[in-house]
2 protein chains.
Amino acid sequence: MRVLLIEDTTGLGEAVRDQIRDDGHAVDWVQSLSFAEVSVKATSYNLILLDLMLPDGNGFDFLKSLRKSGNSTPVIILTARDQVSDRIEGLNAGADDYLIKPFDLSELSARVGAVARRYRGDPNPLVKIGHLEIDLCEHRIRANGQAVELTAREWALFEGFVQRPGTLLSRSQLEDRLYQFGAEIESNTIEVYISRLRKKLGRDVIITVRNMGYRLETYEH
Amino acid sequence: MRVLLIEDTTGLGEAVRDQIRDDGHAVDWVQSLSFAEVSVKATSYNLILLDLMLPDGNGFDFLKSLRKSGNSTPVIILTARDQVSDRIEGLNAGADDYLIKPFDLSELSARVGAVARRYRGDPNPLVKIGHLEIDLCEHRIRANGQAVELTAREWALFEGFVQRPGTLLSRSQLEDRLYQFGAEIESNTIEVYISRLRKKLGRDVIITVRNMGYRLETYEH
DNA sequence: CCGCGTCATTCAGGTTAATGTCAGGTCGAT
DNA sequence: ATCGACCTGACATTAACCTGAATGACGCGG
């Protein structure tokens with residue numbers, strides 16, 4: 001399942017993201033509404049987790065305009081305990097459920113799992129990039145129709161590219177995908193994994209941008 | 001599709017029954033848990049609609065014991081809006097979805113239809129994967145024509161794979177199939193059951209993806 | 001209430017493959 | 001030509017995984 005997490009608090013965001021990943025779902029995490037709007041237009045999600053207090057605007061308005069534009073993706077609101085009126089307003093605005101902060105991660109899992117069960121059987125969106133077919137939900141990749149197996153780290157890295165195709169990703173951004181907490185890394189691990197990905201997926205899939213980082217090539221040439 | 005409706009309120013029960021009948025499904029309507037238990041043992045349903053407030057007991061306990069006995073029929077809980085904790089507990093106990101009373105009959109139809117679609121997906125209830133023939137309704141498996149007996153736990157696990165063939169299932173997803181949500185597991189139970197399934201069904205049926213989980217192999221080697 | 005069998009769970013020891021590191025090479029910019 | 005950045009084959013380490021066997025829980029018939 002594809003989940004969009006909209007949450008500006010870094011600590012909470014990381015925890016939620018990791019938990020949902022452990023449950024086997026693909027997570028995009030954005031920290032502001034402006035990014036959320038771009039993501040929603042670019043991708044189709046199965047679930048949106050929406051914090052209401054955000055730096056650049058009100059979550060309600062985002063939710064309302066989402067619904068107004070015909071998007072019926074399930075939305076679970078993340079809100080603080082005392083804001084009762086928020087919860088009511090949220091449900092009225094078209095949310096499917098809400099979670100009261102601070103919430104238990106297993107409770108989060110339960111709700112997300114319930115949505116996932118509801119969507120079971122629906123076809124997953126396949127991302128096609130050149131000769132690759134990527135199913136982010138099922139963690140499957142085909143290269144020229146042949147299934148390709150990636151290891152955990154390889155997948156973690158590659159998923160980052162697929163979620164932002166064509167975007168330049170810096171080394172530190174990639175490190176954050178491999179290791180939980182900005183763990184310092186002194187060796188050339190990134191390079192090694194890029195190398196392994198290229199070996200499995202094809203030489204031209206990932207382009208290196210000298211002194212800057214890497215990006216996913218989005219078209220066949 | 002066969003639906004079991006467990007609801008003691010007469011008016012609501014009639015309305016729901018009629019609606020689902022109109023949608024073309026066969027409905028059994030019982031008004032207490034004691035009757036429900038008999039029905040569940042006598043018949044195999046595709047869906048159970050479960051009210052939580054019943055005269056002769058708690059809906060949760062019914063649901064839990066149902067799951068424990070290896071029955072994985074989809075369950076939709078009918079509950080009142082203000083009983084938030086009920087909903088959480090219901091999902092944790094193994095419900096697939098919930099409907100908040102008072103609910104719109106068309107919403108009921110939609111949810112029931114979603115479950116129906118899942119089961120109609122394969123007009124033939126027999127799923128064939130490699131040398132295996134799996135009857136999801138009857139809980140029966142044949143390997144090379146030979147019947148194979150699975151225990152309740154083994155089936156619970158294997159069913160998860162069959163419902164999403166080829167999909168990578170994480171450990172926590174598999175644990176959720178074996179136990180109620182949140183039940184922390186410290187030992188290698190999953191591995192043991194995978195091992196047993198492989199022994200009974202064939203070595204190559206389930207492949208392990210290290211550090212990530214397992215997946216059902218969908219083609220014959 | 002007691003034995004019996006079945007199933008669930010844990011443990012221990014062996015096996016395997018993912019992972020991070022390094023070394024030596026290639027490539028590109030200046 | 002030089003230097004730094006990047007690539008990649010090889011390898012030791014070790015967590016992850018597998019599985020036979022021991023232990024515990026549960027239900028059933030007598």
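Letters A, B, ... mirror the listed sequences (proteins, then strands); counts begin at 1.
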Partner of A/Glu159 under side-chain hydrogen bond (donor to acceptor under 3.5 Å, both in side chains), chosen from A/Arg164, A/His139, A/Arg177 = A/Arg177

Spacing between A/Asn188 atom CG and D/dG4 atom C1', to the nearest angstrom = 14 Å

key: Side-chain heavy atoms of A/Ile141 within contact of A/Asp135, under 4.5 Å   = no

message = Can you tell me which nucleotide in D/dT19, D/dT8, D/dC11 comes closest to the side chain of A/Arg196?
response = D/dC11

ask   = Are A/Gln31 and A/Asp8 linked by a side-chain donor-acceptor pair shorter than 3.5 Å?
value = no

Distance, rounded to the nearest Å, where B/Arg171 contributes CZ and D/dA16 contributes P = 9 Å

inquiry  = What's A/Asn211 touching, base or sugar-phosphate or nothing? Going by heavy atoms closer than 4.0 Å.
reply    = sugar-phosphate

message = For chain B and DNA chain C, what are the first and last nucleotides along the strand, 5' to 3', with at least one atom under 4.0 angstrom from a heavy atom of the protein chain?
response = C/dC7 to C/dT19

key: Considering all heavy atoms, the nearest A/Phe103-A/Leu78 contact   = CE2-CD2, 4.0 Å

inquiry  = Pick the closest DNA chain D nucleotide for B/Arg210 and for B/Val192 by heavy atoms, then say which residue is nearer the 5' end.
reply    = B/Arg210

task = Look at the side-chain N and O atoms of A/Lys199 and state whether any lies under 4.0 Å from the OP1 or OP2 oxygen of D/dG9.
result = yes

key: Bend angle of the helix from C/dC1-D/dG30 to C/dT30-D/dA1, from helix axes over five pairs at each end, nearest 10°   = 40°

ask   = Whole-Å distance between D/dC7 C1' and A/Ile206 CD1?
value = 13 Å

inquiry  = One pair to check against salt bridge (Lys or Arg N to Asp or Glu O under 4.0 Å): A/Glu191 and A/Arg171. What are the steps and the verdict?
reply    = CA-CA 9 Å; A/Glu191 290 158 34; A/Arg171 278 180 131 65; 2.5 Å; yes

ask   = Of the nucleotides D/dT8, D/dA5, D/dT19, which has the atom closest to the A/Glu191 side chain?
value = D/dT8

ask   = Nearest nucleotide by nearest heavy atom, which residue falls closer to the 5' end of DNA chain C, B/Thr151 or A/Thr189?
value = B/Thr151

Any B/Arg153 side-chain N or O less than 4.0 Å from OP1/OP2 of D/dC26 = no

message = Looking at B/Arg203 and B/Glu217, is any side-chain nitrogen of the basic one under 4.0 Å from a carboxylate oxygen of the acidic one?
response = no

key: Exercise: do B/Gln173 and A/Asp23 side chains pair donor with acceptor under 3.5 Å   = no

ask   = In whole Å, what is the span from the CZ atom of B/Arg215 to the P atom of D/dC17?
value = 14 Å

ask   = Whole Å only: how far is the CG atom of B/Leu174 from the P atom of D/dC18?
value = 12 Å

note = Taken to the nearest whole Å, OH/B/Tyr214 to C1'/D/dC17 is 6 Å

ask   = Hey, what's the ring geometry for A/Tyr214 with A/Phe161, parallel, tilted or perpendicular (30° and 60° as the breaks)?
value = perpendicular

query = Looking at A/Leu136, A/Asn46, A/Val3, which one forms a side chain to side chain contact (heavy atoms under 4.5 Å, CB included) with A/His25?
reply = A/Val3

